[in-house]
Amino acid sequence: DIQMTQSPSTLSASVGDSVSITCRASQRISNYLAWYQQKPGKAPNLLIYKASVLESGVPSRFSGSMSGTEFTLTISSLQPDDFATYYCHQYNTYSYTFGQGTKLEIK
Amino acid sequence: EVQLVESGGALVQPGGSLRLSCAVSGFTFSRHWMSWVRQVPGKGLEWVANIKEDGSEKHYVGSVKGRFTISRDNAKNTLYLQMNSLRADDTAVYYCASLRGFGGYDALDSWGQGTLVTVSS
């Protein structure tokens, strides 16, 4: 199975900051990578698919990029609503895997 | 409006069985692969199973193979997860989710609210 190593596990930042979260795949997955935001007690919400395509309705301060097997979610100008947990998800094979998650906390 | 509503979660003893349901509305259910994803409270997400649009192809995470069965009824717009031989480590919130596009490799763009399964004596 493809392993997704996500870092950091926790990130502290302030409103207005720009932050990045990284996921590294254990093998090539092309651009079959999605990012989700999850708030406590809620289901995950799709932010980005195909590594860099913004889902409809998602603010443009969210962006995704890739380089080889490394994928990055960047949130520019953090808003109060952005403090949540973020997960990457590879869907290159039928055996999907998620990263361990990154909890974005207010500093 | 797209809606996915899970039901069937409960407290069950180890070795027991449970069937989860996911009622779908607001999109053409029969044209999309569907998934089950679970989450131990306070922990990360784990993909459990996928099923093709017509039910002819199914895939499972290794830890549930032979114990769980994903199925669907396109006439009723409903997805199911039959869970047998339940273990304590199956305790989790179970979400149903739809794949974004038309195919088996895609992001999960719509999710239910989740249903809690607790396996304990």
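Numbers restart at 1 for each chain; the letters A, B, ... are given by sequence-line order, proteins then strands. Quantities reported herein were computed from a predicted structural model and do not represent experimental measurements.
Only the side chain of B:Val37 comes within less than 4.5 Å of a heavy atom in chain A; its backbone stays farther off. In this structure, chain B has a heavy atom under 4.5 Å from the side chain of A:Gln38, while its backbone stays farther away. Heavy-atom distances place no part of B:Ser110 under 4.5 Å from chain A, backbone and side chain included. Both the backbone and the side chain of A:Tyr96 come within contact range of chain B, with heavy atoms under 4.5 Å apart. For A:Asn92, the part lying near chain B is the backbone, with the side chain staying farther off; criterion is any non-hydrogen pair under 4.5 Å.
Looking only at side-chain heavy atoms (C-beta outward), A:Tyr87 and B:Gln39 come within less than 4.5 Å of each other.
Nearest heavy atoms, A:Ala34 versus B:Ala107: CB-CB, 3.7 Å. Residues B:Tyr95 and A:Lys42 approach most closely at OH-O, 3.3 Å, considering heavy atoms. Contact detail for B:Trp33 and A:Tyr94: the closest heavy-atom pair is CH2-CE2, 3.5 Å.
Within the structure, every pair that satisfies the side-chain hydrogen bond (donor to acceptor under 3.5 Å, both in side chains) test and touches residues 96-108 of chain B, not counting sequence neighbours, is listed here: A:Tyr49-B:Arg100, B:Ser98-B:Asp109, B:Arg100-B:Asp106.
More than 12 heavy atoms of other shown residues, nucleotides or ligands fall within 6.0 angstrom of atom CZ in A:Arg61. Summarising the local packing, OH of A:Tyr32 is surrounded by 12 or fewer heavy atoms from other residues, nucleotides or ligands at distances under 6.0 Å. Counting non-hydrogen atoms of other residues, nucleotides and ligands closer than 6.0 Å to CZ of A:Arg24 gives a total of 12 or fewer. By the neighbour-count criterion of 12 heavy atoms within 6.0 Å, atom NZ of B:Lys58 is densely surrounded, having more than that number from other residues, nucleotides or ligands. Heavy-atom contacts from other residues, nucleotides or ligands closer than 6.0 Å to NZ of A:Lys39 number more than 12.
Chain B forms more heavy-atom pairs under 4.5 Å with one residue of A:Pro44, A:Ala43, A:Gly101 than with any other, namely A:Pro44. Heavy-atom pairs under 4.5 Å with chain B were tallied for A:Ser95, A:Gly99, A:Pro40; the largest tally goes to A:Ser95.
In this structure, the separation between CG on B:Leu45 and NE2 on A:His89 is 9.5 Å, given to the nearest 0.5 Å.
A donor-acceptor pair under 3.5 Å links the side-chain atoms of A:Tyr36 to the main chain of B:Leu108, judged by distance alone.
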Quiz item: For B:Leu99 and A:Tyr91, what are the C-alpha separation, side-chain angles and deciding distance, and is it a side-chain contact (heavy atoms from CB on, under 4.5 Å)?
Solution: CA-CA 10 Å; B:Leu99 275 69; A:Tyr91 49 94; over 6 Å; no
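Each of B:Val5 and B:Leu20 belongs to its own hydrophobic cluster when Ile, Leu, Val, Met, Phe, Trp and Tyr are linked at side-chain heavy-atom distances under 4.5 angstrom.
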